[in-house]
Amino acid sequence: MSRQYITTAIDYPNAAPHMGHVLEKVLADTVARWFRLRGDEVRFQIGTDEHGVKIQRTAEAEGLTPKELVDRNVPLYQDLYKRLNISYDKFIRTSDQKEHWPTVIELWKKLDKAGKLNKRNYTGLYCSGCERFMTKKDLEEGKCVNHKKEPEEVTEENYFFDLSADGENLKNLLTKDWDGEEYRMVPQFRENEILSLVDQGLEDVSFSRPKSSLEWGIGVPGDDDHTMYVWCDALTNYISGLGFFTDKEDRSWWDKPTKVTHIIGKDIARFHALIWPAMLRHSGVRIPDKLLIHGFLTSEGEKMSKSIGNVVIPDEVLEKFKGNPDPLRFYLSHEIPVDRDGDFSWDRIVKIYDSKLRNDLGNLLNRVLVLIDKEGGKLGDVGKSSDLMCDGWKAYEDSLNNFQLDNGLGLAMNITSKCNQYIDEKKPWGLEGDEKVAVLSELAEALRHIALMLLPFVPKTSERMLVQLGLKVPQTLEGKTEWGSEKDWKKVGEPEILFEPLE
RNA sequence: CGCGGGGUGGAGCAGUCCGGUAGCUCGCGAGGCUCAUAACCUCGAGGUCGCAGGUUCGAAUCCUGCCCCCGCAACCA
């Protein structure tokens, strides 16, 4: 038994949540549920990153204050995640002045005290139309894409975090260790990406903005003219949720032997791999253990974008399946390997729903239960083992422990397929007495294992399967994974359609 | 020469590390079954494994060169 602290990136609520947000939460939730099932103690935190110019600007455009905007949008996220059955323990909001701010301010002070924050001038290309600095991406032939005019060179004062000094240390941290601390990335190929960045030379990172250009955020302690920029504010959510540096501090979910895993998208891997550990190191907090980095979702084969008009709204998907989150959860887990980009396609999710969930799984459960029902719902001895288990629990556990979730789910579905073959081969409907009961009991037992294996992925479906089978939903898998481990299991419950046909 | 990922039957993917008859799912065609949600099972058609060289008895798999697609390139999950 070990302790696990799992976090996702915090979402930026300047608009309604989209499928990318969902992908990450479902992934993290599946991992969290798996850890709990295997017997770990788990704390699972998600949240929202609510400051910054973009929120400030969106609010202005909608005639709201930034606070009104986030207070309106954040519940959309919380509500969606509830409906997706995301089993988070804590939702942290960076606008929360009681929970989040004190930790951030203390962290800033610690970094300052360590001599890591220095005020200096920053010069960049500023577009007066956009009222912000431009990046290369915002420019086309040297002109702002939105305003078609050349930005001007503007100099402003920023606090900078001294990241450039830690190139070697960070490289060691990611490959070997930094003063005994290790930090690993899954998948490993991301490591090469980050290391090559380090090799290109790290620059110091801007940690603040003048209040005149960014007001919506946390003020720099002791300097009324500056507002903290995203790094010190947002990344810190992982420890502010634990009350770090306050009288509510709970380090038992951070310090060893607890294992800390950040689950994030590939776009922010560099910040989590470089800035965050450096910040922690220089404020005397231990560095996390693992970064689990997922890919992005395209929609119908193309990058999601408002101009193409292929942005998928999670609510529409939930609605398609009458509010049941499991078809979507199943799709994301089954079709998209954790470390790679994936595609969301309406056509495909419908096919997966019909063939895998409804036909293979739902129909199997139903035909087995109906046959048992006709025999009075009684179960017999299931023997010591069965060929129905395919690769068995070991392969499943290995897959999940290595975050190969699609693989683990595939193993459960293999058993389903095997059962369908078996029932056709044995034709229990043509058998009598003990022989009939034996075949059906074996199938029921296999279905029990399938339901358990599906628990991290599609918890509601698993629970319904277990109830129909006449079993309780277990908290952990301890003592449940042996063939025939339910000694007192003599009778099944009522058969019920697991997945209705779509209209 | 910025960095990374990928190119395998109509579609989506596995196999590539540790060379040895090319596999899975969906779709398609034929047959079977009738317990079940018009579901299930079996068989079949369909691929010169991006291109070109090389190593080898043998290459999707190793080496070299090239082409194409996608993402990232400091604040878009």
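These numbers come from a predicted model, not from an experiment. Below, chains carry the letters A, B, ... as their sequence lines are ordered, and counting in each starts from 1.
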Over all strands shown, is [X] touching base, sugar-phosphate only, or nothing at heavy-atom distances under 4.0 angstrom?
X        : answer
A/Val230 : base
A/Asp347 : nothing
A/Arg340 : sugar-phosphate
A/Ile352 : nothing
A/Leu365 : nothing
A/Lys427 : nothing
A/Asn420 : sugar-phosphate

Less than 4.0 angstrom from a charged side-chain N to a carboxylate O is my criterion; do [X] and [Y] meet it?
X        : Y        : value
A/Asp341 : A/Lys266 : yes
A/Arg348 : A/Glu335 : yes
A/Glu62  : A/Arg72  : yes

Quick check on B/A77: is either OP1 or OP2 less than 4.0 Å from any side-chain nitrogen or oxygen of A/Lys25?
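No, because none of the side-chain N or O atoms of A/Lys25 sits under 4.0 Å from OP1 or OP2 of B/A77.
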Is the ring of A/Phe296 stacked on the base of B/A77, with centres less than 5.5 Å apart and planes under 30° off?
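Per 5.5 Å and 30° rule: yes, stacked.
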Can you check whether any acceptor in the base of B/A36 is under 3.5 Å from a donor in the side chain of A/Asn363, or vice versa?
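Between B/A36 and A/Asn363, which were checked side chain against base, a qualifying N/O pair under 3.5 Å is present.
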Between B/A60 and B/G9, how far apart are the two C1' atoms, rounded to whole Å?
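B/A60 and B/G9 have their C1' atoms separated by 14 Å.
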